[in-house]
Amino acid sequence: MNNGNIPFLDLITPHMEMEAELTDVFRRAIQTAGFIGGPVLEDFEQDFAKFCESRFCAGVSNGTDALRFALMAAGIGRGDVVVTVPHTFIATVEAITQSGAEVAFVDVDERTSNMDPEKLREYLQEKCTQDAVTGQLIDPRKGMPVRAVVPVHLYGQMADMDPILDLCERYGLTLIEDACQAHGAEYFSQKRQAWSKAGSMGVAAAFSFYPGKNLGACGEAGAVTTNDEDIARKVRMLRDHGQARKYYHDVEGYNGRLDSIQAGILHCKLHHLAKWNQQRRQCADRYKKILSPLAENLTLCSQTSRSVYHLYVVRHAQREELQAHLAANRIGTGIHYPIPLHLQNAYRDLGYKKGDFPVAEKLASEILSLPMYPTLSPEQQQSVADAIGQFVTAHAVLTT
Ligand SMILES: Cc1ncc(COP(=O)(O)O)c(C=O)c1O
């Protein structure tokens, strides 16, 4: 494929395979002028809610808006502190700060790359103080009450939700899932003795349908899922200028709707999502098998719950050289993400410094995302493994 190139992502094949179906969505939209709202949007919302085992879904314009609207609809805003991780895409924090709230970081778990529940416990119990009157936990940096936690289900794997939910319950915190990379991921709750879907475990959850996601639009799109009818109603108002009835604005909202063409496209693709996720899992199993012999020199990220492998990430101390070697072999890779958020220029004012979140910093310097998509062939995966093997062997020779 592509003259022997192995791209990081293949967004062309699935769209060519679905060309007739997808263009039909567009044809129906122009024949009916059904561009905003209506049954195409509502049908998708209903089926995506079902897919996530959640009661409600509200389509919005992108994942960042989904997270911001979810927080706002849950009553989070100015004067509140929201806890999340520094090892995520910047949108997680943009949504928090743009809701009016302040952000506090806790480090991630090296094995899963997700929020470390022990670090969350340490922050809540050892760093925060308790307000004598309200009993609320007060963030030591901001002097404001901690109101919410946003775990990110990074790379397609859900965060360790049982202990995080326990802490939220104990301290009266609202849990909003950043499920933007985890459409269909599942977590086995020891507490409930059952599997739970991403998007069904928090007060609300945010999904992104950016084109490269496991379920991706042909443009920008996102959604909020929730079991809370009032939150669903508020998100629907926030996405539509604060109105539930045309030109009667109860609050100031946003232009944050999911358009019907994207909803129709997503609905077509939703029928394939379980199969695509299964194909990604097969690819991940294959990577694990063929890369395991290199485990002495290459760290494979462990995915403990039922991941949907939005990304397949490995770690190597000489990541830049490994990436350059793979590029020379016409193999595309990515880095998700090279600079943890507490060290980004945009968040200099938060006052964090290098060394504050050592696990996130270590991951950022070593991680490399390999090609991963449903149409990735065993031969392509073998070529990736061979090229990594060459690098690892050459490096081992150089260092002896
Ligand atoms: C973890 C995470 N959160 C939030 C977002 C924001 O989604 P969007 O790009 O649709 O606004 C993304 C998208 O890449 C993401 O990966």
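Just follow the structure's listing: the first ligand is 1, and inside any ligand the first atom is 1.
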Does this structure show an ion pair linking [X] with [Y], if we count only N-O contacts that are shorter than 4.0 Å?
{"X": "D240", "Y": "R257", "value": "yes"}
{"X": "K142", "Y": "D139", "value": "no"}
{"X": "R315", "Y": "E110", "value": "yes"}

- prompt: Are N114 and Y155 close enough that some pair of their side-chain heavy atoms sits under 4.5 Å apart?
  reply: no
message: Quick check on side-chain contact (heavy atoms from CB on, under 4.5 Å): which of T299, L294, L291 does V314 satisfy it with?
response: L291
statement: Here the gap from H325 atom NE2 to Q390 atom CD, rounded to the nearest 0.5 Å, amounts to 4.5 Å
Contact residues of ligand 1, where a non-hydrogen atom lies under 4.0 Å away: N62, G63, T64, T88, F89, A91, T92, V152, D178, C180, Q181, S208, K213, Y337
